[in-house]
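Sequence positions, counted from 1, serve as the residue numbers for this chain. FYI, side chains are in, hydrogens and waters are out, and symmetry mates aren't considered; it's all heavy atoms of this structure. Computed from a predicted model, the values in this text were never measured in an experiment. Order of listing sets the numbers, starting from 1, for every ligand and every atom in it.
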Amino acid sequence: MAGEFRFTFGPWNIHEGADPFGPKVRESIEFGKKLKLYKELGFDGVQFHDDDAVPDMNKLSNEQIVKAAKAVKAKLDEHGLIAEFVAPRLWEDPRTIDGGYTNNDPACRQYAIDRSLRAVDIANALGAKLMVLWLAREGTYIREAKDSKVAVDRIVEAINAILVHDPDIKIAIEPKPNEPMDQTYIPTTGHALALGMLTSDPSRIGVNIESAHVILAGLDPSDEMGFALAHNKLWSVHLNDQNGLKFDEDKSFGSVDLRRAFNQVRILDKYDYGKDGHWVGLDVKTMRTQKEDAATKHLRNSREIFLKLLDLSRRLNHSKVNELIKARDYEELDLLIMKHILA
Ligand code: XLS
Ligand code: MG
C-alpha cells in the first residue's frame with residue numbers, strides 16, 4: 001500500500017543566514033509571518049524548540065510558560081497546522097556551556113533537566129505527543145574532560161525524569177556524531193536505541209534520523225532508517241543533504257546525492273513510514289547567498305524532490321530488481337538504478 005506523507009519543518013529552517021564567520025544577511029521574520037508560509041509551501045506540521053514557542057522562557061514562571069504555549073496552539077489552529085514535536089534547547093544558556101545532562105556541575109545538570117520538563121509542558125500545551133532530544137553538547141572536546149560511562153548514566157537519569165514527568169510523552173533522540181562537540185556520546189541510531197534500553201521505559205524511546213548527521217558519522221541514511229524501522233523506532237526524520245565530512249550543512253534534500261536521497265525515500269515508502277502518524281521533517285537551511293524574498297526555496301525544493309523521488313521509487317521495475325538480485329548481477333542493477341534516476 002502506497003503511504004501518504006505529511007511534511008514539517010521548524011521555524012529555525014527559515015533563518016537569517018549568520019554563520020560563525022559573518023553576521024546575519026537577512027532580516028528576521030517574526031514567527032506569526034512564518035506560520036503563514038507553511039501551507040503555501042505545502043507543509044502541515046510545525047516542529048518546535050521550546051523557546052521557538054515560548055521565547056525567553058527562562059524568565060517566566062511555569063504557569064506563564066504554559067499560558068504562552070497555549071496562545072501559540074491557538075495560532076496553529078487558526079492556520080490549520082499541527083505541532084509535531086518540541087525539543088528543549090539545551091545549548092545556548094550559560095549553564096549549558098559544557099553540556100546539559102552531562103555537565104560536570106550538578107547545578108547545571110539540574111537546570112538542563114528542569115528546562116526539559118518545561119519543554120514537555122510546552123509540548124502538552126501545543127498538543128504535541130513527541131519530544132525530540134538533539135543532545136547538542138552532550139560530549140567532549142577532549143576525552144579527559146568527562147567520564148563517558150558516567151555521561152551515559154546521566155543522560156539516562158535525565159530521560160527518566162522526563163518519562164516520569166509525563167507518562168504519555170514519547171522521546172525521539174536525534175543522534176549526531178559531532179558539532180558543536182568534537183565527539184558526542186550518542187552519535188548514531190544504534191547508540192540512541194541502546195540508550196533507550198537503559199531507561200525506565202524503553203517503549204517510549206525512539207529516534208529522529210537526520211540525513212546530514214548520519215553522513216557525518218560516515219554512514220548511510222537509508223541503512224540507519226532501516227535499522228530503526230526494524231526496531232519500530234523511526235518516529236521522525238530530518239531529511240536534508242551534506243557534502244562530505246565537514247560542518248553540518250543542512251543542504252536541500254537530494255541536492256548533493258540524488259541516489260542517496262532516492263534510497264531514503266524508497267525505504268520510507270517501502271515500510272509505509274507515516275502509517276502511525278509520523279511526519280517527514282525537512283531540516284534544511286537555505287544558502288547564505290539567498291536574498292530575503294527567496295529564502296524559502298530550499299523548503300519548497302526539498303519537498304518537491306521528495307515527491308519526485310517517491311514517484312520514481314514507485315515506478316521502479318521491482319521484478320527486474322528482484323531478478324538481478326537473484327542472479328547476483330549487481331553491475332546490471334547498478335546501471336538500472338542509475339538509468340532510472342536519470343530518466
Ligand atoms: C541540529 C539539529 C537541530 C534539531 C532540533 O543539528 O538538527 O536542528 O533537529 O533540535
Ligand atoms: Mg535536525
Does K320 pair with E323 as a salt bridge, N-O distance under 4.0 Å?
-> yes
Here the N/O/S atom of E174 closest to the Mg ion (ligand 2) would be OE2
The Mg ion (ligand 2) has as its nearest N, O or S atom from E210 the atom OE1
So is H213 polar-close to ligand 1, meaning N/O to N/O under 3.5 Å?
-> yes
Residue part near ligand 1, for W91, under 4.0 Å between non-hydrogen atoms = side chain
Region of V132 that comes within reach of ligand 1 [heavy atoms, distance under 4.0 Å] = neither
Please confirm whether H238 and W134 have ring centers closer than 6.0 angstrom.
-> no
With backbone taken as N, CA, C and O and side chain as the heavy atoms from C-beta onward, which portion of H49 lies under 4.0 Å from ligand 1: side chain, backbone, both, or neither?
-> side chain
For the Mg ion (ligand 2), the nearest N/O/S atom on D283 is atom OD2
Determine whether the side chain, the backbone, both or neither of E210 has a heavy atom under 4.0 Å from any heavy atom of ligand 1.
-> side chain
Counting heavy atoms only, which part of H238 comes closer than 4.0 Å to ligand 1: side chain, backbone, both or neither?
-> side chain
Residues R260 and D220 bridged, charged N to O under 4.0 Å | no
The ring pair (Phe, Tyr, Trp, His ring centres under 6.0 Å) partner of F43 among F306, W279, F9 is F9
Metal site the Mg ion (ligand 2): N/O/S of H238 inside 2.8 Å = yes
Do K36 and E40 meet the salt-bridge criterion of a basic N to acidic O distance under 4.0 Å?
-> no
Protein heavy atom at shortest distance from atom 8 (O) of ligand 1 = D283 OD2, 3.2 Å
Identify, for atom 2 (C) of ligand 1, the protein heavy atom at the shortest distance, and state residue, atom and that distance.
-> E174 OE2, 3.4 Å
Provide the number and element of each atom of ligand 1 under 4.0 Å from a heavy atom of D248.
-> 6 (O)
For D250 and K285, what are the C-alpha separation, side-chain angles and deciding distance, and is it a salt bridge (Lys or Arg N to Asp or Glu O under 4.0 Å)?
-> CA-CA 5 Å; D250 294 337; K285 294 231 169 70; 3.2 Å; yes
Would you call K176 and D248 a salt bridge, using N to O less than 4.0 angstrom?
-> yes
Does the salt bridge (Lys or Arg N to Asp or Glu O under 4.0 Å) test come out yes or no for D257 and R259, once each step is laid out?
-> CA-CA 6 Å; D257 188 333; R259 185 172 178 175; over 6 Å; no
Please assess F85 against F48 for the test ring-ring contact (aromatic ring centres under 6.0 Å, His included), listing each intermediate value before the final yes or no.
-> CA-CA 6 Å; F85 70 66; F48 286 92; 8.7 Å; no
